[in-house]
Peer 1: 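My questions all concern the structure below.
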Protein chains: 2
Amino acid sequence: MTDNTKALLYKKITDLTEMAQPSLDKLFEASSRRELSKGEIILKQGQICKNIVFVEKGYLRTIIDKDGIDINTDFTFENNFTTNLKSLRSSTPSDTTIQAGEPAIIYEFDKEKLLKLYKVSQEIESFGRKLLEQLLIAQEEHTNLFKLFTPTERYHFLQTNKPQIIQRISLSQISSYLGVARETLSRIRKKG
Amino acid sequence: MTDNTKALLYKKITDLTEMAQPSLDKLFEASSRRELSKGEIILKQGQICKNIVFVEKGYLRTIIDKDGIDINTDFTFENNFTTNLKSLRSSTPSDTTIQAGEPAIIYEFDKEKLLKLYKVSQEIESFGRKLLEQLLIAQEEHTNLFKLFTPTERYHFLQTNKPQIIQRISLSQISSYLGVARETLSRIRKKG
DNA sequence: CACTACCTGAGACAAAAGTCACAAAATGCG
DNA sequence: CGCATTTTGTGACTTTTGTCTCAGGTAGTG
(Lines give C-alpha, C1' and ligand atoms only; values in the text may rest on other atoms or scores of the structure.)
Protein backbone atom coordinates (compact mmCIF):
# COMPACT_ATOMS: atom_id res chain seq x y z
CA MET A 1 0.00 0.00 0.00
CA THR A 2 2.51 2.58 -1.05
CA ASP A 3 0.41 3.59 -3.98
CA ASN A 4 1.31 7.12 -4.97
CA THR A 5 -2.08 7.77 -6.44
CA LYS A 6 -3.56 7.50 -2.98
CA ALA A 7 -1.62 10.50 -1.74
CA LEU A 8 -4.69 12.67 -1.15
CA LEU A 9 -6.61 9.90 0.52
CA TYR A 10 -3.72 9.11 2.81
CA LYS A 11 -3.44 12.72 3.87
CA LYS A 12 -7.16 13.04 4.39
CA ILE A 13 -7.28 10.09 6.75
CA THR A 14 -4.25 11.00 8.77
CA ASP A 15 -5.37 14.61 9.05
CA LEU A 16 -8.65 13.43 10.47
CA THR A 17 -7.34 10.97 13.02
CA GLU A 18 -4.18 9.33 14.23
CA MET A 19 -3.90 5.87 12.82
CA ALA A 20 -1.15 3.27 13.04
CA GLN A 21 0.05 1.64 9.85
CA PRO A 22 -1.73 -1.71 10.31
CA SER A 23 -5.12 0.00 10.53
CA LEU A 24 -4.30 2.23 7.60
CA ASP A 25 -3.46 -0.83 5.55
CA LYS A 26 -6.71 -2.53 6.47
CA LEU A 27 -8.66 0.57 5.61
CA PHE A 28 -7.03 0.85 2.21
CA GLU A 29 -7.78 -2.79 1.55
CA ALA A 30 -11.47 -2.06 1.98
CA SER A 31 -11.30 0.40 -0.90
CA SER A 32 -11.01 0.01 -4.62
CA ARG A 33 -9.88 2.52 -7.18
CA ARG A 34 -12.14 3.41 -10.06
CA GLU A 35 -11.90 5.75 -13.03
CA LEU A 36 -15.03 7.47 -14.21
CA SER A 37 -15.80 9.20 -17.46
CA LYS A 38 -17.84 12.37 -17.43
CA GLY A 39 -21.49 11.65 -16.71
CA GLU A 40 -20.86 8.14 -15.45
CA ILE A 41 -23.23 7.14 -12.67
CA ILE A 42 -22.03 5.40 -9.52
CA LEU A 43 -25.31 5.42 -7.62
CA LYS A 44 -28.72 5.59 -9.22
CA GLN A 45 -31.89 6.82 -7.57
CA GLY A 46 -33.79 3.72 -6.43
CA GLN A 47 -30.68 1.58 -6.00
CA ILE A 48 -29.25 0.68 -2.64
CA CYS A 49 -26.06 2.48 -1.76
CA LYS A 50 -23.27 0.10 -0.82
CA ASN A 51 -20.22 2.25 -0.36
CA ILE A 52 -18.61 5.45 0.75
CA VAL A 53 -16.69 7.29 -1.93
CA PHE A 54 -13.57 9.39 -1.81
CA VAL A 55 -12.81 11.73 -4.69
CA GLU A 56 -9.15 11.76 -5.72
CA LYS A 57 -9.63 13.70 -8.95
CA GLY A 58 -12.54 15.40 -10.71
CA TYR A 59 -15.83 15.91 -8.93
CA LEU A 60 -19.13 14.18 -8.28
CA ARG A 61 -22.59 15.68 -8.38
CA THR A 62 -25.42 14.45 -6.20
CA ILE A 63 -28.79 14.98 -7.81
CA ILE A 64 -32.45 14.34 -7.11
CA ASP A 65 -34.98 13.95 -9.88
CA LYS A 66 -37.87 16.28 -9.11
CA ASP A 67 -40.70 16.09 -11.64
CA GLY A 68 -38.33 15.12 -14.39
CA ILE A 69 -35.71 17.78 -13.80
CA ASP A 70 -32.41 17.39 -11.99
CA ILE A 71 -31.88 19.25 -8.75
CA ASN A 72 -28.27 19.40 -7.64
CA THR A 73 -28.10 18.80 -3.91
CA ASP A 74 -24.35 18.46 -3.52
CA PHE A 75 -20.98 18.64 -5.24
CA THR A 76 -18.04 16.60 -3.98
CA PHE A 77 -14.62 17.79 -5.08
CA GLU A 78 -11.15 16.37 -4.73
CA ASN A 79 -10.15 15.33 -1.24
CA ASN A 80 -13.69 14.77 0.04
CA PHE A 81 -15.97 11.91 0.85
CA THR A 82 -19.59 11.38 -0.15
CA THR A 83 -22.31 8.76 -0.06
CA ASN A 84 -26.02 8.48 0.49
CA LEU A 85 -25.95 7.84 4.19
CA LYS A 86 -29.64 7.11 4.56
CA SER A 87 -29.58 4.42 1.92
CA LEU A 88 -26.22 3.09 3.06
CA ARG A 89 -27.24 2.81 6.65
CA SER A 90 -30.64 1.23 6.29
CA SER A 91 -30.30 -0.49 2.92
CA THR A 92 -33.25 1.43 1.52
CA PRO A 93 -33.49 2.73 -2.05
CA SER A 94 -31.46 5.87 -2.55
CA ASP A 95 -33.36 9.06 -3.31
CA THR A 96 -30.29 10.54 -4.95
CA THR A 97 -28.17 9.82 -7.98
CA ILE A 98 -24.42 10.36 -7.86
CA GLN A 99 -22.51 10.89 -11.08
CA ALA A 100 -19.19 12.21 -12.26
CA GLY A 101 -19.27 15.85 -13.35
CA GLU A 102 -15.86 15.48 -14.98
CA PRO A 103 -13.62 12.52 -15.73
CA ALA A 104 -12.80 11.38 -12.22
CA ILE A 105 -10.77 9.03 -10.08
CA ILE A 106 -12.45 7.75 -6.95
CA TYR A 107 -11.94 5.21 -4.20
CA GLU A 108 -14.97 3.23 -3.13
CA PHE A 109 -15.05 1.88 0.42
CA ASP A 110 -17.27 -1.14 0.71
CA LYS A 111 -19.88 -0.82 3.43
CA GLU A 112 -19.72 -4.41 4.63
CA LYS A 113 -15.97 -4.35 4.84
CA LEU A 114 -16.06 -1.09 6.74
CA LEU A 115 -18.58 -2.39 9.25
CA LYS A 116 -16.35 -5.37 9.90
CA LEU A 117 -13.35 -3.13 10.34
CA TYR A 118 -15.26 -0.92 12.76
CA LYS A 119 -15.68 -3.95 14.99
CA VAL A 120 -12.07 -4.99 14.78
CA SER A 121 -10.31 -1.67 14.94
CA GLN A 122 -11.07 1.13 17.31
CA GLU A 123 -8.91 3.43 15.23
CA ILE A 124 -11.01 2.85 12.16
CA GLU A 125 -14.29 3.34 13.95
CA SER A 126 -12.88 6.54 15.34
CA PHE A 127 -12.05 7.62 11.83
CA GLY A 128 -15.63 6.87 10.81
CA ARG A 129 -16.99 8.96 13.62
CA LYS A 130 -14.76 11.91 12.86
CA LEU A 131 -15.58 11.78 9.19
CA LEU A 132 -19.25 11.96 10.05
CA GLU A 133 -18.62 14.92 12.30
CA GLN A 134 -17.01 16.75 9.44
CA LEU A 135 -19.83 15.95 7.05
CA LEU A 136 -22.46 16.98 9.56
CA ILE A 137 -20.81 20.32 10.25
CA ALA A 138 -20.67 21.06 6.53
CA GLN A 139 -24.29 20.07 6.15
CA GLU A 140 -25.43 22.32 8.99
CA GLU A 141 -23.63 25.24 7.47
CA HIS A 142 -25.30 24.58 4.17
CA THR A 143 -28.78 24.39 5.67
CA ASN A 144 -28.29 27.67 7.44
CA LEU A 145 -27.49 29.31 4.12
CA PHE A 146 -31.15 28.99 3.27
CA LYS A 147 -32.49 30.21 6.57
CA LEU A 148 -30.19 33.16 7.01
CA PHE A 149 -29.56 34.49 3.55
CA THR A 150 -31.34 35.76 0.47
CA PRO A 151 -30.50 34.23 -2.91
CA THR A 152 -28.06 37.05 -3.63
CA GLU A 153 -26.34 36.55 -0.31
CA ARG A 154 -26.19 32.83 -0.88
CA TYR A 155 -24.41 33.35 -4.18
CA HIS A 156 -21.91 35.68 -2.58
CA PHE A 157 -21.35 33.13 0.15
CA LEU A 158 -20.36 30.60 -2.48
CA GLN A 159 -18.06 33.13 -4.11
CA THR A 160 -16.07 33.66 -0.94
CA ASN A 161 -16.44 30.28 0.76
CA LYS A 162 -16.87 27.75 -2.02
CA PRO A 163 -15.08 29.27 -5.02
CA GLN A 164 -14.66 25.83 -6.56
CA ILE A 165 -18.38 25.61 -7.11
CA ILE A 166 -18.49 28.94 -8.92
CA GLN A 167 -15.47 28.07 -11.03
CA ARG A 168 -16.23 24.50 -11.98
CA ILE A 169 -20.00 24.17 -12.00
CA SER A 170 -22.35 25.55 -14.63
CA LEU A 171 -24.77 28.31 -13.75
CA SER A 172 -27.79 26.09 -14.32
CA GLN A 173 -26.52 23.54 -11.85
CA ILE A 174 -25.55 26.12 -9.26
CA SER A 175 -29.03 27.59 -9.49
CA SER A 176 -30.74 24.40 -8.38
CA TYR A 177 -28.10 23.96 -5.70
CA LEU A 178 -29.06 27.40 -4.38
CA GLY A 179 -32.76 26.80 -4.79
CA VAL A 180 -33.42 29.56 -7.32
CA ALA A 181 -34.40 29.71 -11.00
CA ARG A 182 -31.66 29.78 -13.59
CA GLU A 183 -32.69 33.24 -14.78
CA THR A 184 -32.60 34.61 -11.26
CA LEU A 185 -29.04 33.47 -10.78
CA SER A 186 -28.10 34.95 -14.13
CA ARG A 187 -29.44 38.32 -12.97
CA ILE A 188 -27.69 38.05 -9.62
CA ARG A 189 -24.44 37.41 -11.42
CA LYS A 190 -25.00 40.37 -13.71
CA LYS A 191 -25.35 42.74 -10.77
CA GLY A 192 -22.02 41.49 -9.42
CA MET B 1 -28.36 3.15 37.02
CA THR B 2 -31.94 2.11 37.45
CA ASP B 3 -33.15 5.65 37.42
CA ASN B 4 -36.69 5.64 36.11
CA THR B 5 -36.43 9.15 34.85
CA LYS B 6 -33.84 8.01 32.35
CA ALA B 7 -36.26 5.65 30.65
CA LEU B 8 -36.29 7.51 27.33
CA LEU B 9 -32.56 7.95 27.28
CA TYR B 10 -31.99 4.29 28.01
CA LYS B 11 -34.26 3.25 25.18
CA LYS B 12 -32.68 5.71 22.79
CA ILE B 13 -29.21 4.37 23.39
CA THR B 14 -30.11 0.71 23.21
CA ASP B 15 -32.20 1.26 20.09
CA LEU B 16 -29.22 2.86 18.44
CA THR B 17 -26.61 0.29 19.31
CA GLU B 18 -26.04 -2.84 21.31
CA MET B 19 -24.30 -2.02 24.52
CA ALA B 20 -23.39 -4.14 27.52
CA GLN B 21 -24.28 -2.93 30.98
CA PRO B 22 -20.79 -1.76 32.02
CA SER B 23 -20.58 0.59 29.05
CA LEU B 24 -24.10 1.83 29.63
CA ASP B 25 -23.20 2.62 33.20
CA LYS B 26 -20.12 4.52 32.15
CA LEU B 27 -22.08 6.46 29.59
CA PHE B 28 -24.71 7.44 32.13
CA GLU B 29 -21.99 8.55 34.51
CA ALA B 30 -20.81 11.04 31.90
CA SER B 31 -24.20 12.72 31.96
CA SER B 32 -25.96 14.93 34.43
CA ARG B 33 -29.63 15.68 34.74
CA ARG B 34 -30.84 19.24 34.60
CA GLU B 35 -34.21 20.93 34.81
CA LEU B 36 -34.81 24.02 32.74
CA SER B 37 -37.47 26.65 32.99
CA LYS B 38 -38.98 28.09 29.85
CA GLY B 39 -36.55 30.41 28.07
CA GLU B 40 -33.52 29.20 30.03
CA ILE B 41 -30.36 29.19 27.95
CA ILE B 42 -27.94 26.27 27.96
CA LEU B 43 -25.60 27.50 25.23
CA LYS B 44 -25.12 31.13 24.27
CA GLN B 45 -23.87 32.41 20.95
CA GLY B 46 -20.17 33.18 21.41
CA GLN B 47 -19.64 30.61 24.16
CA ILE B 48 -17.84 27.36 23.62
CA CYS B 49 -20.06 24.32 23.56
CA LYS B 50 -18.96 21.68 26.03
CA ASN B 51 -21.63 19.01 25.90
CA ILE B 52 -24.13 16.97 23.98
CA VAL B 53 -27.67 17.23 25.23
CA PHE B 54 -30.49 14.72 25.36
CA VAL B 55 -34.03 15.98 25.79
CA GLU B 56 -36.09 13.89 28.19
CA LYS B 57 -39.02 16.30 28.45
CA GLY B 58 -40.00 19.61 26.82
CA TYR B 59 -38.09 20.90 23.82
CA LEU B 60 -35.09 23.01 22.93
CA ARG B 61 -34.80 25.63 20.24
CA THR B 62 -31.58 26.37 18.42
CA ILE B 63 -31.40 29.95 17.23
CA ILE B 64 -29.02 32.27 15.43
CA ASP B 65 -29.08 36.00 15.94
CA LYS B 66 -29.23 37.61 12.51
CA ASP B 67 -29.18 41.41 12.60
CA GLY B 68 -30.85 41.46 15.98
CA ILE B 69 -33.65 39.03 15.22
CA ASP B 70 -33.80 35.37 16.15
CA ILE B 71 -33.76 32.78 13.40
CA ASN B 72 -34.83 29.32 14.51
CA THR B 73 -32.53 26.78 12.94
CA ASP B 74 -33.66 23.70 14.83
CA PHE B 75 -36.07 22.28 17.37
CA THR B 76 -35.14 19.30 19.52
CA PHE B 77 -38.01 17.39 21.08
CA GLU B 78 -38.22 14.57 23.57
CA ASN B 79 -36.05 11.58 22.84
CA ASN B 80 -33.51 13.43 20.71
CA PHE B 81 -30.00 14.73 21.01
CA THR B 82 -28.62 18.12 20.06
CA THR B 83 -25.45 20.19 20.37
CA ASN B 84 -23.43 22.66 18.37
CA LEU B 85 -21.07 20.19 16.78
CA LYS B 86 -18.81 22.75 15.19
CA SER B 87 -18.16 24.52 18.46
CA LEU B 88 -17.98 21.26 20.40
CA ARG B 89 -15.49 19.70 18.09
CA SER B 90 -13.09 22.54 17.59
CA SER B 91 -13.66 24.55 20.77
CA THR B 92 -14.59 27.64 18.79
CA PRO B 93 -17.30 30.11 19.78
CA SER B 94 -20.75 28.82 19.02
CA ASP B 95 -22.74 30.65 16.36
CA THR B 96 -25.97 29.36 17.85
CA THR B 97 -27.88 29.76 21.08
CA ILE B 98 -29.79 26.84 22.55
CA GLN B 99 -32.64 27.51 24.94
CA ALA B 100 -35.63 25.73 26.41
CA GLY B 101 -38.88 26.39 24.57
CA GLU B 102 -40.87 24.91 27.45
CA PRO B 103 -39.98 23.80 30.95
CA ALA B 104 -37.65 20.91 30.18
CA ILE B 105 -35.64 18.05 31.59
CA ILE B 106 -32.37 17.30 29.84
CA TYR B 107 -29.25 15.20 30.28
CA GLU B 108 -25.97 16.83 29.46
CA PHE B 109 -23.09 14.62 28.34
CA ASP B 110 -19.74 16.19 29.05
CA LYS B 111 -17.49 16.37 26.01
CA GLU B 112 -14.24 15.58 27.81
CA LYS B 113 -15.75 12.60 29.56
CA LEU B 114 -17.18 11.33 26.30
CA LEU B 115 -13.87 11.65 24.49
CA LYS B 116 -12.22 9.62 27.23
CA LEU B 117 -14.93 6.99 27.04
CA TYR B 118 -14.54 6.77 23.28
CA LYS B 119 -10.96 5.72 23.81
CA VAL B 120 -11.77 3.19 26.46
CA SER B 121 -14.91 1.66 25.08
CA GLN B 122 -15.46 0.57 21.53
CA GLU B 123 -19.17 0.24 22.26
CA ILE B 124 -19.43 3.86 23.27
CA GLU B 125 -17.51 5.13 20.28
CA SER B 126 -19.80 3.04 18.13
CA PHE B 127 -22.75 4.72 19.79
CA GLY B 128 -21.22 8.11 19.02
CA ARG B 129 -20.78 7.20 15.38
CA LYS B 130 -24.32 5.95 15.00
CA LEU B 131 -25.76 8.97 16.70
CA LEU B 132 -23.93 11.18 14.23
CA GLU B 133 -25.27 9.14 11.36
CA GLN B 134 -28.77 9.75 12.55
CA LEU B 135 -28.21 13.46 12.98
CA LEU B 136 -26.62 13.76 9.55
CA ILE B 137 -29.48 11.97 7.83
CA ALA B 138 -31.98 14.32 9.46
CA GLN B 139 -29.92 17.31 8.47
CA GLU B 140 -29.67 16.26 4.85
CA GLU B 141 -33.39 15.81 4.67
CA HIS B 142 -33.89 19.24 6.08
CA THR B 143 -31.54 20.89 3.60
CA ASN B 144 -33.31 19.26 0.71
CA LEU B 145 -36.56 20.82 1.85
CA PHE B 146 -35.21 24.12 0.65
CA LYS B 147 -33.87 22.90 -2.66
CA LEU B 148 -36.83 20.81 -3.67
CA PHE B 149 -39.86 22.61 -2.33
CA THR B 150 -41.64 25.96 -2.39
CA PRO B 151 -42.57 27.55 0.94
CA THR B 152 -46.09 26.10 0.71
CA GLU B 153 -44.73 22.63 0.06
CA ARG B 154 -42.30 22.99 2.92
CA TYR B 155 -45.11 23.77 5.30
CA HIS B 156 -47.08 20.76 4.12
CA PHE B 157 -44.00 18.64 4.58
CA LEU B 158 -43.88 19.67 8.21
CA GLN B 159 -47.56 18.92 8.60
CA THR B 160 -47.16 15.34 7.50
CA ASN B 161 -43.61 14.59 8.61
CA LYS B 162 -42.97 16.80 11.61
CA PRO B 163 -46.38 17.37 13.17
CA GLN B 164 -44.77 18.15 16.52
CA ILE B 165 -43.34 21.32 15.09
CA ILE B 166 -46.72 22.49 13.84
CA GLN B 167 -48.41 21.63 17.10
CA ARG B 168 -45.94 22.91 19.61
CA ILE B 169 -44.12 25.79 17.95
CA SER B 170 -45.53 29.24 17.31
CA LEU B 171 -46.13 30.41 13.79
CA SER B 172 -43.50 33.12 14.06
CA GLN B 173 -40.84 30.63 15.00
CA ILE B 174 -41.83 28.13 12.35
CA SER B 175 -41.61 30.87 9.75
CA SER B 176 -37.93 31.53 10.36
CA TYR B 177 -37.31 27.78 10.50
CA LEU B 178 -38.81 27.55 7.01
CA GLY B 179 -37.01 30.64 5.78
CA VAL B 180 -40.11 32.73 5.05
CA ALA B 181 -41.68 35.84 6.52
CA ARG B 182 -44.20 35.45 9.29
CA GLU B 183 -46.95 36.94 7.14
CA THR B 184 -46.22 34.53 4.30
CA LEU B 185 -46.64 31.55 6.58
CA SER B 186 -49.85 33.03 7.90
CA ARG B 187 -51.17 33.19 4.32
CA ILE B 188 -50.07 29.66 3.57
CA ARG B 189 -51.86 28.42 6.64
CA LYS B 190 -54.99 30.31 5.65
CA LYS B 191 -55.14 28.59 2.27
CA GLY B 192 -54.90 25.21 4.01
C1' DC C 1 -60.38 41.16 36.69
C1' DA C 2 -57.27 44.20 34.57
C1' DC C 3 -52.77 44.71 32.71
C1' DT C 4 -49.05 43.52 29.92
C1' DA C 5 -46.61 41.12 26.57
C1' DC C 6 -46.80 38.35 22.83
C1' DC C 7 -48.83 36.24 18.84
C1' DT C 8 -51.81 36.01 14.79
C1' DG C 9 -54.63 37.76 10.86
C1' DA C 10 -55.33 40.91 7.35
C1' DG C 11 -54.91 44.78 3.90
C1' DA C 12 -52.13 47.66 0.82
C1' DC C 13 -48.26 48.28 -1.50
C1' DA C 14 -43.30 47.36 -2.93
C1' DA C 15 -39.85 44.22 -4.12
C1' DA C 16 -38.24 39.93 -5.53
C1' DA C 17 -38.45 35.78 -7.87
C1' DG C 18 -40.64 32.69 -11.25
C1' DT C 19 -42.14 31.77 -15.99
C1' DC C 20 -42.09 32.05 -20.89
C1' DA C 21 -39.96 33.08 -25.13
C1' DC C 22 -36.17 33.96 -27.79
C1' DA C 23 -31.48 35.71 -28.92
C1' DA C 24 -26.59 35.42 -28.13
C1' DA C 25 -22.61 33.00 -26.69
C1' DA C 26 -19.92 29.07 -25.68
C1' DT C 27 -18.80 24.33 -26.30
C1' DG C 28 -17.97 20.01 -28.55
C1' DC C 29 -17.17 17.38 -32.58
C1' DG C 30 -16.49 15.73 -37.32
C1' DC D 1 -13.45 25.65 -39.60
C1' DG D 2 -18.43 25.07 -39.67
C1' DC D 3 -22.31 22.96 -37.70
C1' DA D 4 -25.15 21.30 -33.97
C1' DT D 5 -25.93 21.25 -29.14
C1' DT D 6 -25.86 23.16 -24.85
C1' DT D 7 -25.57 26.96 -21.92
C1' DT D 8 -26.31 31.65 -20.72
C1' DG D 9 -28.36 36.40 -21.07
C1' DT D 10 -32.43 39.41 -21.55
C1' DG D 11 -36.95 41.37 -21.79
C1' DA D 12 -41.96 41.26 -20.72
C1' DC D 13 -45.13 39.67 -17.79
C1' DT D 14 -47.20 37.02 -13.78
C1' DT D 15 -47.01 35.28 -9.33
C1' DT D 16 -45.13 35.06 -5.02
C1' DT D 17 -43.10 36.90 -1.13
C1' DG D 18 -41.63 40.73 1.79
C1' DT D 19 -42.61 44.98 4.34
C1' DC D 20 -45.31 48.12 6.92
C1' DT D 21 -49.13 48.81 9.71
C1' DC D 22 -52.73 48.02 12.72
C1' DA D 23 -56.52 45.49 14.90
C1' DG D 24 -58.00 41.59 17.41
C1' DG D 25 -56.88 37.55 20.15
C1' DT D 26 -54.48 34.79 23.68
C1' DA D 27 -51.81 33.68 27.71
C1' DG D 28 -49.74 34.65 31.74
C1' DT D 29 -49.35 37.62 36.02
C1' DG D 30 -50.43 40.08 40.01
Side-chain angles (χ1 to χ4, degrees), chain A residues 36-40 58-59 61 63-72 75 99-104 145-159 164-192, chain B residues 36-41 58-59 61 63-72 75 97 99-104 145-159 164-192:
Chain A
L36 304 174
S37 49
K38 179 174 175 175
E40 196 169 344
Y59 73 87
R61 37 191 299 252
I63 53 191
I64 294 184
D65 179 278
K66 159 89 173 167
D67 306 328
I69 50 172
D70 284 353
I71 309 289
N72 292 269
F75 303 103
Q99 72 166 190
E102 292 176 355
L145 260 188
F146 293 92
K147 293 188 191 154
L148 297 174
F149 300 135
T150 64
T152 303
E153 290 170 328
R154 298 207 283 272
Y155 183 72
H156 290 151
F157 180 88
L158 289 194
Q159 285 185 312
Q164 284 200 99
I165 291 185
I166 306 290
Q167 287 153 14
R168 296 171 68 177
I169 311 290
S170 75
L171 177 140
S172 312
Q173 290 182 25
I174 296 174
S175 70
S176 69
Y177 181 72
L178 291 179
V180 298
R182 186 181 60 76
E183 294 90 336
T184 304
L185 189 54
S186 181
R187 285 169 194 137
I188 289 171
R189 178 182 279 184
K190 189 184 171 189
K191 285 186 292 185
Chain B
L36 305 174
S37 48
K38 181 174 173 174
E40 194 168 347
I41 289 173
Y59 74 86
R61 37 191 300 250
I63 53 191
I64 294 184
D65 180 279
K66 159 87 174 171
D67 306 329
I69 51 172
D70 283 353
I71 309 289
N72 292 269
F75 302 103
T97 292
Q99 72 167 188
E102 294 175 355
L145 261 187
F146 293 91
K147 294 187 191 155
L148 298 175
F149 300 137
T150 63
T152 303
E153 292 171 327
R154 298 207 282 271
Y155 182 72
H156 291 152
F157 180 89
L158 288 194
Q159 285 184 313
Q164 285 201 98
I165 291 185
I166 308 289
Q167 289 154 12
R168 296 170 68 177
I169 311 290
S170 74
L171 179 140
S172 313
Q173 288 183 27
I174 297 174
S175 70
S176 70
Y177 180 72
L178 290 180
V180 299
R182 186 180 60 75
E183 294 89 339
T184 302
L185 190 54
S186 183
R187 287 171 196 141
I188 289 171
R189 179 183 278 185
K190 189 184 172 190
K191 285 184 293 182

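Predicted, not measured: the structure shown is a model, and the values here were computed from it. Proteins come first, then strands; the chains are lettered A, B, ... in the order of their sequence lines, and each starts at number 1. Just so it is clear, the values below take in all heavy atoms, side chains as well, and ignore hydrogens, waters and symmetry mates.
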Peer 1: For the helix from dC1(C)-dG30(D) to dG30(C)-dC1(D), what angle lies between the axis at the first five pairs and the axis at the last five pairs, to 10 degrees?
Peer 2: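 Inter-axis angle at the ends, rounded: 50°.
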Peer 1: Any side-chain N or O of S172(A) less than 4.0 Å from the OP1 or OP2 oxygen of dT8(D)?
Peer 2: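 Answer is yes, contact under 4.0 Å.
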Peer 1: How many Å lie between CG on L171(B) and P on dG24(D), as a whole number?
Peer 2: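 Atom-to-atom, L171(B) to dG24(D), this comes out as 20 Å.
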Peer 1: Would you say T184(A) reaches dG18(C)'s phosphate, i.e. side-chain N/O to OP1/OP2 under 4.0 Å?
Peer 2: yes
Peer 1: Expressed as a whole number of angstroms, how long is the span from I69(B):CD1 to dC20(D):P?
Peer 2: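 Going from CD1 in I69(B) over to P in dC20(D) covers 11 Å.
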Peer 1: How far apart are the C-alpha atoms of Y59(A) and I169(A), what are their side-chain angles, what is the distance that settles it, and do they pass the side chain to side chain contact (heavy atoms under 4.5 Å, CB included) test?
Peer 2: CA-CA 10 Å; Y59(A) 73 87; I169(A) 311 290; 3.4 Å; yes
Peer 1: dG18(D) base to R187(B) side chain: any donor-acceptor pair below 3.5 Å?
Peer 2: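 Indeed there is one.
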Peer 1: Would you name the heavy atoms of L185(B) and L171(B) that are closest together and state the gap between them?
Peer 2: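 So the minimum-distance heavy-atom pair works out to CD2-O, 3.5 Å.
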Peer 1: If you compare all heavy atoms of L158(A) against all heavy atoms of L178(A), which two are closest, and at what distance to 0.1 Å?
Peer 2: CD1-CD2, 3.8 Å
Peer 1: Has the side chain of R189(A) got a donor or acceptor atom sitting under 3.5 Å from an opposite partner on the base of dT7(D)?
Peer 2: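 No, no donor-acceptor pair under 3.5 Å.
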Peer 1: Atom NZ of K191(A) to atom P of dA16(C): distance rounded to whole Å?
Peer 2: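 Going from NZ in K191(A) over to P in dA16(C) covers 7 Å.
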Peer 1: Using heavy-atom distances to pick each residue's nearest nucleotide on DNA chain D, tell me which of I169(A) and A181(B) is more 5'.
Peer 2: I169(A)
Peer 1: Roughly, in whole Å, what's the span from CZ in R154(B) to C1' in dT17(D)?
Peer 2: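 That distance rounds to 11 Å.
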Peer 1: Could you tell me the separation between the CD1 atom of I188(A) and the P atom of dA17(C), rounded to a whole number of Å?
Peer 2: 6 Å
Peer 1: Rounded to the nearest angstrom, tell me the gap between atom CG in L185(A) and atom P in dA17(C).
Peer 2: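 Going from CG in L185(A) over to P in dA17(C) covers 11 Å.
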Peer 1: Evaluate V180(A) against R154(A) for side chain to side chain contact (heavy atoms under 4.5 Å, CB included), listing each step before the verdict.
Peer 2: CA-CA 10 Å; V180(A) 298; R154(A) 298 207 283 272; 3.9 Å; yes
Peer 1: If only atom types and distance count, is the side chain of Q173(A) paired as donor or acceptor with the main-chain N or O of S170(A) below 3.5 Å?
Peer 2: no
Peer 1: Considering residues, nucleotides and ligands other than K66(A), do more than 12 of their heavy atoms fall under 6.0 Å from its NZ?
Peer 2: yes
Peer 1: S186(B) side chain N/O closer than 4.0 Å to the phosphate oxygens (OP1, OP2) of dG9(C)?
Peer 2: yes
